[in-house]
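Down below is the structure, laid out as structure tokens.
Since the model is a prediction, treat every value here as computed from it, not as a measurement. Both ligands and their constituent atoms are indexed starting at 1 by order of listing.
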Amino acid sequence: MDLSEQGALDGLTVRNRGVFRPVRTRLVEDGKPTDALATHLAARAAGGAGLVIGPAGMLVHPSASGPAFVDAYDDGSLPGLTSVADAIHAHDSHIIGQLTHTGAESRGDWEMQPQLAPASSPSDAAYEMPKQMTQADINSVLDGFATAANNLDRAGFDGVELAAGPFSVLRQFLSPRYNTRDDEYGGGWNDRARFVNEALSRVTDSVDGPVGLHLSLAELEYGGYEFDDIPDLLDSVEGFDYLSCTVGSYATYNQTHAGISASAPDLLDPITTATDLVDAPVIGRLPFTSVEDADALFDAGVDFVSFTRQLLADAETLSKAAASDRHNRCIQCNQKCLEGVYGHAHGGHVECVVNPRTGRETDLAALSAVDPTALPQRVLVIGGGPAGLRFASIAADRGHDVTLREASDSLGGQLGLAAEGPLEPFTRAAEDLEAAVSDADVKVELNSPVSGDTVDSSWDTVVVATGATRPDVSTYDFEGEVVNAFDVLEGASVGDDVLLFDENRWIITVQTGLTLLDMGSTVEMVSSDHYPAFRTEQPNLPGFVAALQAQGAEFTGNHTVDAVSADGTVTLRNTLTGETMTREPDTVVVAGRRHADEDLYLELAELRDDVYRIGDAISPRKLDRAYYDGEQLARRL
Ligand SMILES: Cc1cc2nc3c(=O)[nH]c(=O)nc-3n(C[C@H](O)[C@H](O)[C@H](O)COP(=O)(O)O)c2cc1C
Ligand code: SF4
């Protein structure tokens with residue numbers, strides 16, 4: 001079997017076997033889908049997904065509400081839902097809507113409701129004490145499933161999927177950890193599955209198309225059901241037309257999406273077990289699914305393969321794969337997709353580090369559809385880091401004559417240093433950026449440092465992408481010696497007992513801490529934030545903290561380093577109380593902040609008008625801004 005082969009899903013003939021799985025996007029207003037959401041999903045259908053499952057996590061009842069969700073139970077959502085269905089059908093793809101009630105894994109306060117759940121068993125990832133559903137609550141939520149499903153049917157959706165993965169009252173009913181009821185909805189597997197089976201039955205009665213079940217094969221939570229329970233789990237649920245496999249709960253969500261911070265569970269064996277037991281089509285995925293994984297999943301017996309982040313990273317992945325063309329790869333960073341929806345960037349929406357169009361599909365055309373320039377220019381790009389590379393390839397694709405000069409002997413800039421340890425998947429970004437520059441016939445000149453006086457008037461446009469300088473630890477004015485974290489990452493030696501001062505507050509601190517621990521040092525990580533690397537994206541933080549603590553790192557939060565004396569004594573000050581204490585480590589390592597490498601830009605800006613700067617040369621930021629700046633300038637030039 002292969003991805004481009006036609007498939008069948010309970011009477012639905014799907015043009016291929018590549019599925020775009022649900023993503024909560026926050027492209028929602030007042031509980032209704034927006035045009036931006038329809039365009040976002042349609043971009044994946046246009047890019048080759050035969051089946052789109054989404055919008056994700058649409059709500060069936062007002063007691064499960066929140067700003068990120070579509071209220072599918074509300075008739076007012078019908079026009080938006082109809083637009084979504086039409087947008088997908090326009091590309092000859094099918095669309096199945098996903099319904100959920102979040103139960104104990106969200107909040108009730110959005111709609112002045114108690115948090116309805118199987119029992120008063122709170123999630124470790126939420127803060128409210130849930131209310132055990134009464135029979136009247138159960139009946140009302142089941143009615144909600146039927147109403148919401150019927151709304152999807154009326155809007156033209158081809159089917160409905162019930163979510164029993166993370167953020168789902170259905171999974172919570174199945175779970176011995178969340179469902180401690182002693183009535184007919186609690187107890188053994190068959191009783192705990194009663195609510196799920198009733199929901200499946202009510203939805204089946206409300207729609208014409210297939211009704212699927214998106215099911216966590218294990219919760220991976222203490223007290224929850226595990227992979228060993230798959231036979232009992234699958235024996236207990238009935239009445240679905242297809243099974244879609246996932247893993248985890250809200251509390252173990254960082255294992256649902258294998259990222260740079262958490263070890264991912266093996267899913268291939270559990271899925272093989274599931275396909276043996278289920279007499280219906282199965283949609284399979286791995287903790288991260290790339291196009292290359294499809295064969296292993298088909299061998300495990302699945303009928304369709306679902307992709308999520310890969311299709312956020314390149315919406316045209318499936319059509320490019322079918323044509324054997326190169327596609328850009330997801331780097332599993334979770335820094336803009338999950339972080340955009342769930343993280344510190346609360347109030348944002350889904351985005352992607354390596355694909356600035358994601359979440360902005362109504363504003364930005366697909367790169368493959370961007371017009372060539374009407375006025376080709378000779379463009380000099382200075383700097384071969386991510387911003388310079390992204391700009392250069394797109395500008396050249398648009399017809400500009402682009403030369404890129406890089407001072408060092410290789411491309412990639414600080415990506416090379418970043419793509420170590422947990423950030424190893426970032427190597428894909430460096431490789432894909434370089435491949436795009438090569439495909440676009442950019443003239444690349446390595447070992448070519450540029451100074452202001454060597455930039456002559458033959459260039460129509462100059463783009464400065466010189467990046468950022470390393471942190472300068474001498475600016476701390478300490479008497480004693482300190483070591484730069486960047487030097488540690490490049491192999492500098494340190495003593496047995498290290499104090500790592502976290503001024504970076506982000507991933508450099510994590511990488512340095514892990515490197516020091518690997519070198520065999522004991523490490524105390526001191527941060528003026530609540531704990532080290534606190535500004536790391538929320539989806540990545542628990543995994544990083546776990547990795548550091550598992551190897552014995554000690555955290556001292558809310559402290560700054562006031563002094564390092566000549567004999568190496570370190571004075572720490574509590575930033576909240578002002579109290580001080582001392583430490584005597586063998587080595588002090590400082591993970592500092594970087595500065596924009598902007599001198600060349602400032603010099604050139606004095607000499608000419610047609611000079612721009614992009615990426616870290618404006619201000620050192622995360623990788624997404626390098627892609628964004630480079631791409632935006634290239635689209636406009
Ligand atoms: C930003 C984001 C939001 C998601 N929201 C949902 C959701 O609401 N419902 C759901 O079933 N899965 C959701 N997922 C999980 C994905 O459907 C998928 O299972 C997961 O990303 C792992 O697959 P991948 O490695 O192909 O990305 C979400 C994933 C991302 C990245
Ligand atoms: S933000 Fe990172 S993890 Fe998310 S889709 Fe983009 S590259 Fe993948």
Of the protein's non-hydrogen atoms, which lies at the shortest distance from atom 5 (N) of ligand 1, and what is that distance?
Arg24 N, 3.0 Å
So which bit of Phe307 gets within less than 4.0 Å of ligand 1, heavy atoms only: side chain, backbone, both or neither?
backbone
Kindly indicate whether the side chain of Pro356, heavy atoms from C-beta on, has any atom under 4.5 Å from the side chain of Arg390.
yes
Any protein N, O or S atom under 2.8 Å from atom 4 (Fe) of ligand 2? Found Cys337 SG
Closer than 4.0 angstrom: is that true for some heavy atom of Gly165 and an atom of ligand 1?
no
Relative to ligand 1, is Thr25 under 4.0 angstrom through side chain, backbone, both or neither, heavy atoms considered?
neither
Using a 4.0 Å cut-off to any heavy atom of Thr256, which atoms of ligand 1 qualify?
22 (C)
What residue and heavy atom of the protein are closest to atom 18 (C) of ligand 1, and at what distance?
Thr308 OG1, 3.3 Å
Do any heavy atoms of His257 fall under 4.0 Å from ligand 1?
yes
Tell me, please: is Pro166 in heavy-atom contact with ligand 1, that is, under 4.0 Å?
no
Have a look at ligand 1 and work out which part of Tyr253, if any, has a heavy atom under 4.0 Å from it: side chain, backbone, both or neither.
side chain
Would Gln115 and Ser106 count as having a side-chain donor-acceptor pair, cut-off 3.5 Å?
no
For Arg202, what residues pass the side chain to side chain donor-acceptor pair (under 3.5 Å) criterion, not counting sequence neighbours?
Asp143
Check each atom of ligand 1 against the heavy atoms of Pro287 and keep those under 4.0 Å away; list them by number with element.
25 (O)
What residues, two or more places apart in sequence or in another chain, satisfy salt bridge (charged side-chain N to carboxylate O under 4.0 Å, His left out) together with Arg329?
Glu431, Asp432
I'd like to know whether ligand 1 has Tyr342 as a neighbour, heavy-atom separation below 4.0 Å.
yes
Those residues that, when tested against Asp124, pass side-chain contact (heavy atoms from CB on, under 4.5 Å) (two or more places apart):
Arg177, Glu221, Ala251
Would you check if the distance from the ring center of Tyr342 to the ring center of Tyr253 is below 6.0 Å?
yes
Using heavy atoms and a threshold below 4.0 Å, how should the contact between Gln310 and ligand 1 be classified: side chain, backbone, both, or neither?
neither
Which atoms of ligand 1 have any heavy atom of Arg309 under 4.0 Å away?
21 (O), 24 (P), 25 (O), 26 (O), 27 (O), 31 (C)
Please identify which atoms of ligand 1 are closer than 4.0 Å to at least one heavy atom of His214.
11 (O)
Report yes or no: does a heavy atom of Gln332 sit under 4.0 Å from some atom of ligand 1?
no
Could you tell me, atom by atom, which parts of ligand 1 come under 4.0 Å of a heavy atom of Arg285?
19 (O), 22 (C), 23 (O)
